[in-house]
Every structure is written in C-alpha cells, then in structure tokens.
There are 4 protein chains.
Amino acid sequence: MILEINSSSSTPIYLQIVEQIHRRIARGALTAEDPLPSVRQLALELTINPNTVARAYLELEFQGVIYKRQAQGTYVSPGAGEASRVERDRMVAALFARAISEAASFGMTPEEIDGVYQKQWRAHR
Amino acid sequence: MILEINSSSSTPIYLQIVEQIHRRIARGALTAEDPLPSVRQLALELTINPNTVARAYLELEFQGVIYKRQAQGTYVSPGAGEASRVERDRMVAALFARAISEAASFGMTPEEIDGVYQKQWRAHR
Amino acid sequence: MILEINSSSSTPIYLQIVEQIHRRIARGALTAEDPLPSVRQLALELTINPNTVARAYLELEFQGVIYKRQAQGTYVSPGAGEASRVERDRMVAALFARAISEAASFGMTPEEIDGVYQKQWRAHR
Amino acid sequence: MILEINSSSSTPIYLQIVEQIHRRIARGALTAEDPLPSVRQLALELTINPNTVARAYLELEFQGVIYKRQAQGTYVSPGAGEASRVERDRMVAALFARAISEAASFGMTPEEIDGVYQKQWRAHR
DNA sequence: GTGGTCTAGACCACC
DNA sequence: GTGGTCTAGACCACG
C-alpha cells in the first residue's frame, strides 16, 4: 500500500490518507473485503506517527468505508465502492461550485469564469 | 464597510477579512488611496477583537495591498487593484485545477468531469 | 524655510524636522539669532499638523539649539552652531560605530566590513 | 539557544529575536534543517510571552528563513543561509550609506567623513 | 507535545 | 484619534 504523503501540505496528513484510500476504492483498486495494512505497518511505511494513521482509519470507519474485525485487521466494507462513487460525485460538484462562487465573489462574469475553467480543462485533457 | 464574518467557519476570521477586502479591490469597490476603517472601528462593527483586525491588516500590508500612514489611518495601495486581480485569477485557476485533478484521481474521464462542471456552471449563471 | 518631509518614512515627521534644522545650523545656513518660522506657518507650508511642528521645536529647545522669546517667536540660540557641530561629529561617529558592530555581529571580518564601506564611500564621493 | 533581549530597547522584542536568529544563520551557527526551540520553550527561556516569540517566528517564516512542520516544530529553511547573507550585506551597506549621507547633509566633506570612519574602524579592529 | 487563533486589556508613540 | 507592541490566558487541530 504505497501512498503519497506531502508533509508540507496544508491539508493534514491524516486527511491525505483518507482521500487516497477513497480514491483507490472509487477507482476499483480496492474492493469489498480487501484488507488494509495495519496501523503500525502503514505508519512505518510512511514514516509518520501511528496516531496519525489511526485517526485516518477512524475517519474512514466513521464514513462506513472500512470496518475492523477484532484482533484480525481492517477491511474494506461491502458497499464501499458505491458509497465512494456517490461521495466522489458530490465532492467534485462541491469543488466546482466553490470555485465558481469564489470567482463570482471576486466580480468575475460567468463568461470570464468559463474562460478560466476551459483553459484548465484543456491543459488537463 | 460591511463585511460578513462567519465565526464558526474553519477559516480564521482574520483571513476572512483579508479575502473580503481582496475581493472589494478586485471588484473595484475599493481603489487606490481609499481609506479603510480604523482597526478599532472595524473591530467594533464586526464585534471582534481589535487584534484580529490588526492581524488581517498586517497580512494585507505584507501583501502590498494596503499601507498605513502614521497615526492617520490605513489606505489602499496604488497598484493594489492590479495585484488583487492577478491574485484573483491565480486563485480561481488553482481552484479549478484542484477540482479537475481531484476528479481525475477518482478515476473520472475528462468528459465526465466536464459534465459535472457544466451542470454547476449553468446552475450558477 | 523649505524642508523636505517624507510622510512614508519610518522616522517620525517631528524628528525629520529636528534633523533638518540641525543640518542647516551645522552647515551655517542658519546662525545665531536667526528667526524660525512660526509653528502655524511651518505647519501650513508642510501641510502637517501644528502639533507636530510644536513637538519638533520643543525637542530643539530642550537641546538648547533654539529658544523662544515670549510672544515674539523662535530664534536660533547663540552657540547653536558649535553645539550642532559637536553633535554632528558625535552622531556620525555613532552611525559608523553602529554599522560596524552590526556587521561584526553578523560574523563579518574587519576586512569584509571595510570592503563594504569603501564601496559605499566611493559611490558617494 | 541563548538570545539577548533588551526589553528597554526601542526596537521591539520580536524584532530583536528576528535579528539575532538572522545573525546566527548568517554566521553559520544555524544551518538548514536545524531545529529551533519551540515557541513555548523560547518564551520560557527569555521570560517573555509566547505570543511574542510566535510573532518573531511568523516574521521569519514570512521571510522564508524558517518553516514549520505540523505539530513537530520549527526548522531552518534550506537556502536560509544564502538569504540571510544577502540580507546581511544589504543591511550593512544601507547602514554605511545612511551614515555617509547623514554626514554629507551636515556639510562634511568626503575626507572628513572618511576620517571619522577610519577612527571607528580602527577602534573596532 | 507542537503551532494557530482569538480575546481582553494594557501602555506607548505619533499626529 | 491612529496603529504598534506586549501580556495573560484560553481553546483548538495535529501528531
């Protein structure tokens, strides 16, 4: 389980972990009943504090994306794929909505906003 | 000078002030040499601590957007409009870039991404 | 009496006035018993607050450089020239001493310090 | 980390801290990735308020001289040495330039100015 | 433990 | 009146 952690990012490390696991599930790289690395194991790999990994798992468990089997380990929930896909669409829509409303509050017209978006979209594609 | 402060937001109050003043300048509602309310005055209006306003003004001064005249008050810098507009475009482009790359990391195709954006954009317009 | 005031300088306006009058006296442009403009007059010329001029005159009077004749005005003290010249040497020596000790505290060697000075001196001459 | 604070100086305490850390870096006593004392620790040592230390660190971070790792501490930035050395030269040159122009405005000749400097320089060496 | 934010209230220099 | 600095003390997120 190789995740990319950017310790100088402004988003907390534990959220970076949460997001990346979300992505793996949405992409299908992780599916129902797949095991996740143990807290200690992942902490070692990423050379971060075990508390940080534990916090990320807690968040994912709270979201119903993973679950724990006593003394056995942590696994991807059945239905996590569906949940992640719904969550994904909701999240992406929210990001676009935010970008648009930010731009509008700066006084940009809808056309100007679209211009900026189109440039980014073309650059990505 | 009526600003909207959301004290339960996760973004610090002082940054909310910074952003809103940036917007006013980008929009042209504030231009070079316009006076800003005094630290104490604005603190009273927003019913927050003067130190919090001072911190916002410090940040804006650091960015070169405003300047202070000894015992006279705080004013919008000449060239602040340009600076704020550049900052605005940079920020909006960054938001779109983030939304797009987030979506891509979830496994969405460029066309799917554009679909989500178009829906948001139409809703806004 | 034309003085140059830089309102955006970090040195207070009243001190800028003090220094410039000092200089006029050291240079001989002002000598014993010469009259100075009234507080109101100078404030008008410089478009600054009369309090600020008054404060500058107070400082100069305290230094013994000027004195006031009741209801008549303000005049340069006899002996002000001498006082200003002594003051001048003391002040310039202090400035150099400060520059040198600052440089030393940054770890520069005497030779490095001299190099920086020589460059400035040549540029000036 | 022993710093010398003069609480009766006219330069603010937080700037005294900023300058002294700059000096340590310029001198090489602090180099890239060296840890700085925590805000609270340094505040205790200097018997000043933690906020004051925080403000000094904020200024240094703004200047790009130090950076903070989430909940881990504060460290010297890579490249801080170079930045501090450039800043050092700039500052020392500015001090000499100021001393020279002050002296000139008092009517001293370049040779007289050099005389005063030479005396100070020899006294220091 | 780390730094980030905020409040309340003080004193100061300057205009 | 203006902003600048400082203190004391609080709560929070993060690791």
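In what follows, chains carry the letters A, B, and so on, assigned in the order in which the sequence lines appear, proteins first and then strands, with residues in each chain numbered from 1. Both backbone and side-chain heavy atoms feed into the values below; hydrogens, waters and symmetry mates do not. Quantities reported herein were computed from a predicted structural model and do not represent experimental measurements.
Both tests hold for B/R23 against A/F106: distance to the six-membered ring centre under 6.0 Å, angle to the ring axis within 45°.
Ranked by how close their nearest DNA chain F nucleotide is to the 5' end, D/T11 and B/L36 are led by B/L36. Each of B/I48 and D/E61 was assigned the nucleotide of DNA chain E with the nearest heavy atom; the assignment lying further toward the 5' end belongs to D/E61. Taking the nucleotide of DNA chain E with the nearest heavy atom to each of C/L15 and D/Q72, the more 5' of the two is matched to D/Q72. Of the residues near DNA chain F, D/Q70 and B/K68, the one whose nearest nucleotide (by heavy atom distance) lies more toward the 5' end is B/K68.
Put simply, CZ on D/R69 is 16 Å from C1' on E/dG1, counting in whole angstrom units. In this structure, B/L44 places its CG atom 14 Å from C1' of F/dT2, rounding to the nearest Å. Atom CD1 of C/I5 and atom C1' of E/dC14 are 14 Å apart (whole Å). Spacing between atom CG of B/L46 and atom P of E/dA8 amounts to 14 Å, rounded to whole angstrom units. Atom-to-atom, CD of B/Q16 to P of E/dC6 comes out at 8 Å; the value is rounded to the nearest Å. Going from atom CG of B/N51 over to atom P of F/dA8 covers 15 Å, rounded to whole Å. Atom OH in D/Y57 sits about 15 Å away from atom P in F/dC6, given to the nearest Å.
Listed candidates were E/dC6, E/dA8, E/dG3. Nearest to the side chain of B/I13 is E/dC6. With E/dC14, E/dC6, E/dT2 as the candidates, the nucleotide lying closest to the side chain of D/A71 is E/dT2.
For E/dC14, the OP1/OP2 oxygens have a side-chain nitrogen or oxygen of C/R55 closer than 4.0 Å. Distances shorter than 4.0 Å separate none of the side-chain N or O atoms of D/T74 from OP1 or OP2 on E/dT2. Side-chain N/O atoms of A/Y14 include none lying less than 4.0 angstrom from OP1 or OP2 on F/dG15. Residue D/R40 places none of its side-chain N or O atoms closer than 4.0 Å to OP1 or OP2 of E/dG1. Contact annotation: D/T52 side-chain N/O to F/dT7 OP1/OP2 distance is under 4.0 Å.
In this structure, A/N49 reaches the sugar-phosphate backbone alone: every heavy-atom distance under 4.0 Å involves primed, P, OP1 or OP2 atoms, never a base.
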Evaluation steps, side-chain hydrogen bond (donor to acceptor under 3.5 Å, both in side chains), between D/R55 and D/Y57: CA-CA 5 Å; D/R55 182 157 188 188; D/Y57 279 15; over 6 Å; no
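Nucleotide E/dC14 forms a Watson-Crick or G-U wobble pair with F/dG1, both donor-acceptor distances falling under 3.5 Å.
Side-chain N/O atoms of B/E59 and B/Q63 include a donor and acceptor closer than 3.5 Å. Remark: the B/E33 side chain and the B/Y67 side chain contain an N/O donor-acceptor pair separated by less than 3.5 Å.
The shortest side-chain heavy-atom distance between D/Q41 and D/V53 does not fall under the 4.5 Å cut-off.
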